[in-house]
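The structure under discussion is supplied below as structure tokens; questions concerning it will follow.
One-based numbering, in listed order, for ligands and for the atoms of each. In this chain, numbering begins with 1 at the start of the sequence shown.
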Amino acid sequence: MIIAVVGTGYVGLVTGTCFAETGNKVTCVDIDQSKVEKLSAGQITIYEPGLEKIFLRNIKEERLNFTTRLEEAVEDAEIIFLALPTPPGADGSADLKYVLGVADHLGKILKGYKVIVNKSTVPVGTADKVSAAIAKNYLGEYDVVSNPEFLREGVAVDDFMKPDRVVVGTRSERAKKLMSDLYAPFVRQGNPVIFMDERSSELTKYAANSFLATKISFMNEIAQLCERMGADVDMVRRGIGSDDRIGKLFLFPGIGYGGSCFPKDVQALIRSSNEVNYGFQILNAVEKVNEIQKLHLVKKIMTFFKQDLNGIHFALWGLAFKPNTDDIREAPALIIIEKLINEGATISAYDPEAMPNVKMQIGDKIKYANNQYQALENADALIIATEWSEFQKPDFERMSKKIKSKIIFDGRNLFDSSMMVELGYIYECIGKKRQIDKG
Ligand SMILES: NC(=O)c1ccc[n+]([C@@H]2O[C@H](COP(=O)([O-])OP(=O)(O)OC[C@H]3O[C@@H](n4cnc5c(N)ncnc54)[C@H](O)[C@@H]3O)[C@@H](O)[C@H]2O)c1
């Protein structure tokens, strides 16, 4: 099939590359000229494990192209995917200006039957709005389909190539047939393509992300109880996670959910609910809990240093909002950095992939280390904000030689508390009482 993907960010680039990998001819469009130039020259613009190899292969095979010209990409395309930003507007609702702007443009240039597929996360009713925006200028045949994306950054290629499920919202048999054919190679193992109406499909994405955010906030509240009651959240997690009805995943407490999806999607669903006169009480609480949790580690740090961080130097491991990505949108580490710097502290940070993005955003407000051990030099304490695997099993001997004071504030519960005490560390983590050295 011939496919156009409009928007070549985290979702668009993975979508375009993976569709090319299954033999389709894909043209990705972006308004960012420098991004298109890089991609056309074979330089990948995001860090996503496994993506570069198939990206290069499909460029070489001439199945994957990049352009800034929408006309050129959609001319022969049978299916046009929209993978555009839907950032929160001032009131928290999803801003549809990118999606509707492209829909309006499409109306002026379409020729022949096309399926326009919305992959962006959009409020219920957006398919109708996209359709209306196209219809203003286009009298030909087309269908607008909702096909929310469930990939997780860090494992996006695997998620796309072997999805748990594909959700497709359309009432058009013609569009349904095309979408079934396109996705057939991805669901050969029998995972379902679930067809439904457009509105249910649009709501499915918000429901999924909001439920996951709820699980995180719930565990963060249990962690708060553990700290106050002398229980261990890891034990509680294992105790409840082995119940199939609860499940083992997404039960890890931490320093609040971040990233480009959960915060904005929870906000947008609260906002959409208000618009239909329904106050979504659970989600309001999920958001509030997350705001508190984002500052939980900072609070512990402030208490430890008796509310005075002047002259205190921290090592910070992890900047990305989660491991295996360079994405720093709404990353908890950035909130920690801002708070600590405002209190007079200095920071040396290390992240395997996200440092260039942080540098672009906050410049030299912090120092950037060449590796995790260099970041520890002269540090009064180490803060862990992202659970990259290389932080999980460090060389403790090397670590102990570098760090000035053996104090760790771990927002991801990477280490065994008793072992850290044995190694002579003061180890503060989430959802456990600080262990005191028995000696
Ligand atoms: N990132 C994720 O993990 C993820 C997962 C599932 C769903 N989503 C949703 O997918 C959508 C895209 O997210 P993302 O993370 O890929 O965003 P992104 O910001 O990484 O990418 C969006 C791209 O669209 C481009 N763009 C903006 N206006 C354009 C226009 N008029 N024409 C062509 N290109 C244009 C931007 O330059 C950018 O490259 C959002 O709605 C998001 O909520 C994201």
Side-chain angles (χ1 to χ4, degrees), residues 4-18 27-39 44-49 51 66-74 80-89 92-109 116-123 126 130 133 146-160 163-167 201-202 204-210 212-213 257-269 320-331 357:
V5 179
V6 189
T8 315
Y10 284 89
V11 169
L13 186 58
V14 172
T15 300
T17 306
C18 292
T27 304
C28 294
V29 193
D30 207 285
I31 41 164
D32 182 337
Q33 188 154 355
S34 73
K35 193 179 267 191
V36 168
E37 276 167 14
K38 276 191 190 147
L39 290 166
I44 199 140
T45 44
I46 56 171
Y47 173 74
E48 188 58 53
L51 184 62
F66 300 91
T67 180
T68 51
R69 296 191 54 241
L70 188 63
E71 290 86 337
E72 186 186 315
V74 304
I80 302 162
F81 280 88
L82 308 184
L84 293 156
T86 47
S93 62
D95 187 346
L96 290 178
K97 70 173 181 241
Y98 301 96
V99 170
L100 296 179
V102 169
D104 185 68
H105 191 175
L106 284 174
K108 295 173 185 153
I109 58 175
I116 296 99
V117 184
N118 205 346
K119 246 198 187 313
S120 300
T121 303
V122 290
T126 302
V130 168
S146 160
N147 171 218
E149 182 49 60
F150 297 99
L151 64 77
R152 295 162 298 170
E153 286 176 20
V155 279
V157 173
D158 261 11
D159 280 351
F160 200 96
D164 299 333
R165 81 303 205 184
V166 176
V167 170
S201 168
E202 288 165 341
T204 298
K205 175 66 190 178
Y206 281 108
N209 274 2
S210 298
L212 293 171
Y257 57 77
S260 69
C261 292
F262 288 177
K264 88 171 167 60
D265 293 351
V266 168
Q267 263 182 42
L269 190 53
F321 85 94
K322 65 174 187 174
N324 297 319
T325 181
D326 59 353
D327 196 345
I328 56 161
R329 290 176 284 186
E330 303 270 335
N357 284 341

Worksheet entry | Closest contact, heavy atoms only, Lys205 versus Pro148 |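 That closest heavy-atom pairing would be CB-CB, 3.5 Å.
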
Worksheet item: Applying a strict 4.0 Å limit to heavy atoms, is Lys205 in contact with ligand 1?
Response: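 It does; at least one heavy atom falls under 4.0 Å.
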
Fill in: Ser34 side chain to Asp32 side chain, donor-acceptor N/O pair below 3.5 angstrom
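Judged by distance alone, the side chains do pair up.
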
Worksheet item: Strictly under 4.0 Å, does any heavy atom of Lys264 approach an atom of ligand 1?
Response: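 Per 4.0 Å heavy-atom rule, Lys264 contacts ligand 1.
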
Fill in: Subset of ligand 1 atoms that lie under 4.0 Å from at least one heavy atom of Leu151
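Those qualifying, in numeric order: 3 (O), 5 (C).
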
Practice prompt. Tell me which part of Val102 gets within contact of ligand 1: side chain, backbone, both or neither, using heavy atoms under 4.0 Å.
Written response: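 The part of Val102 near ligand 1 is the side chain, not the backbone.
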
Worksheet item: Can you tell if the side chain of Asn324 reaches within under 4.5 Å of the side chain of Val155, non-hydrogen atoms only?
Response: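 Side chain of Asn324 against side chain of Val155, heavy atoms only: no contact under 4.5 Å found.
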
Discussion item. Using a 4.0 Å cutoff against the non-hydrogen atoms of Tyr10, which atoms of ligand 1 qualify?
Written reply: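 Those qualifying, in numeric order: 1 (N), 15 (O), 16 (O), 20 (O).
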
Fill in: Side chain, backbone, both or neither: Ser260 near ligand 1, heavy atoms under 4.0 Å
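It is the side chain that touches ligand 1; the backbone stays farther off.
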
Item to complete: Go through the steps for Lys108 and Glu71 under the test salt bridge (Lys or Arg N to Asp or Glu O under 4.0 Å), then give the verdict.
Response: CA-CA 10 Å; Lys108 295 173 185 153; Glu71 290 86 337; over 6 Å; no

Discussion item. With nothing but distance in play, are any N or O atoms of Glu149 less than 3.5 Å from an N or O of ligand 1?
Written reply: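 So ligand 1 has no N or O lying under 3.5 Å from an N or O of Glu149.
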
Worksheet item: For atom CZ of Phe150, is the number of surrounding heavy atoms from other residues, nucleotides or ligands below 6.0 Å larger than 12?
Response: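 Counting other residues, nucleotides and ligands, CZ of Phe150 exceeds 12 neighbours.
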
Discussion item. A side-chain contact here means heavy atoms from C-beta on lying under 4.5 Å apart; do Val117 and Ile80 qualify?
Written reply: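 Result no, sub-4.5 Å side-chain heavy-atom pair not found.
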
Worksheet entry | Nearest-contact summary for atom 18 (P) of ligand 1 - protein heavy atom, Å |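 Scanning the protein heavy atoms, the shortest distance from atom 18 (P) of ligand 1 goes to Arg329 NH1, 3.7 Å.
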
Practice prompt. Measure the shortest side-chain to side-chain distance between Thr27 and Thr67 over non-hydrogen atoms and say whether it is less than 4.5 angstrom.
Written response: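 Touching, per the 4.5 Å side-chain cut-off.
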
Item to complete: Among all protein heavy atoms, pick the one closest to atom 25 (C) of ligand 1 and tell me residue, atom and distance.
Response: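 I find the closest protein heavy atom is Asp30 OD2, 3.2 Å.
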
Worksheet item: Which residue and non-hydrogen atom of the protein lie closest to atom 28 (N) of ligand 1, and at what distance in Å?
Response: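 Going atom by atom, the protein heavy atom closest to atom 28 (N) of ligand 1 ends up being Ile31 CD1, 3.4 Å.
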
Discussion item. I need the nearest protein heavy-atom contact for atom 21 (O) of ligand 1: residue, atom name and distance, please.
Written reply: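 Closest protein heavy atom to atom 21 (O) of ligand 1: Gly9 CA, 3.2 Å.
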
Worksheet item: What are the atoms of ligand 1, with element, lying closer than 4.0 Å to any heavy atom of Lys35?
Response: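 Once the distances to Lys35 are compared, the set is 38 (C), 39 (O).
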
Discussion item. Just to confirm my output: which protein heavy-atom neighbour is closest to atom 13 (O) of ligand 1, and how far is it?
Written reply: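 Going atom by atom, the protein heavy atom closest to atom 13 (O) of ligand 1 ends up being Val11 CG2, 4.0 Å.
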
Discussion item. Is the terminal nitrogen or CZ of Arg329 (NZ for Lys, CZ for Arg) located under 6.0 angstrom from the six-membered ring centre of Phe321 and within 45° of that ring's axis?
Written reply: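 No, cation not above the ring by the 6.0 Å, 45° rule.
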
Item to complete: May I ask you to identify, for Val6, whether its side chain, its backbone, both or neither come under 4.0 Å of ligand 1 on a heavy-atom basis?
Response: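 It is the side chain that touches ligand 1; the backbone stays farther off.
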
Worksheet item: Which ligand 1 atoms does Glu153 reach within 4.0 Å, using its non-hydrogen atoms?
Response: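 The atoms of ligand 1 under 4.0 Å from a heavy atom of Glu153 are 1 (N), 2 (C), 3 (O).
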
Discussion item. With heavy-atom distances below 4.0 Å as the criterion, list the atoms of ligand 1 near Tyr98.
Written reply: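 Within the 4.0 Å cut-off of Tyr98, ligand 1 contributes 27 (C), 28 (N).
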
Discussion item. Please evaluate residues Asn118 and Val99 with respect to the criterion side chain to side chain contact (heavy atoms under 4.5 Å, CB included), reporting the C-alpha separation (whole Å), side-chain torsions for both, the decisive distance (0.1 Å), and the verdict.
Written reply: CA-CA 8 Å; Asn118 205 346; Val99 170; 3.9 Å; yes

Worksheet entry | Contacting atoms of ligand 1, where contact means under 4.0 angstrom from a heavy atom of Thr86 |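 Counting atoms of ligand 1 from 1, those under 4.0 Å from Thr86 are 40 (C), 41 (O), 43 (O).
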
Fill in: Identity and distance of the protein heavy atom lying nearest atom 12 (C) of ligand 1
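Ranked first by proximity to atom 12 (C) of ligand 1 is Leu84 O, 3.5 Å.
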
Worksheet item: Judged by modelled atom types alone, do Asn209 and Tyr257 share a side-chain donor-acceptor pair under 3.5 Å?
Response: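 No - no donor-acceptor pair under 3.5 Å links their side chains.
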
Worksheet item: With a 4.5 Å heavy-atom cut-off, do Asp327 and Asn357 have their side chains touching?
Response: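 They are not in side-chain contact.
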
Item to complete: Please confirm whether Gly101 comes under 4.0 Å of ligand 1, counting heavy atoms of the residue only.
Response: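 Distance cut 4.0 Å: Gly101 fails for ligand 1.
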
Worksheet entry | Non-hydrogen side-chain atoms of Thr15 and Lys119 separated by less than 4.5 Å |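 Yes, at least one pair of side-chain atoms sits under 4.5 Å.
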
Worksheet entry | Protein residue, atom and distance nearest to atom 9 (C) of ligand 1, heavy-atom basis |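 Answer, as residue, atom name and distance: Thr121 OG1, 3.5 Å.
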
Fill in: Location of contacts on Pro148 toward ligand 1, heavy atoms closer than 4.0 Å
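Neither part.
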
Fill in: Basic-acidic side-chain contact under 4.0 Å: Glu48, Arg152
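Not counted as a salt bridge, because no side-chain N and carboxylate O are separated by less than 4.0 Å.
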
Practice prompt. May I ask you to identify, for Arg152, whether its side chain, its backbone, both or neither come under 4.0 Å of ligand 1 on a heavy-atom basis?
Written response: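 The answer is neither.
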
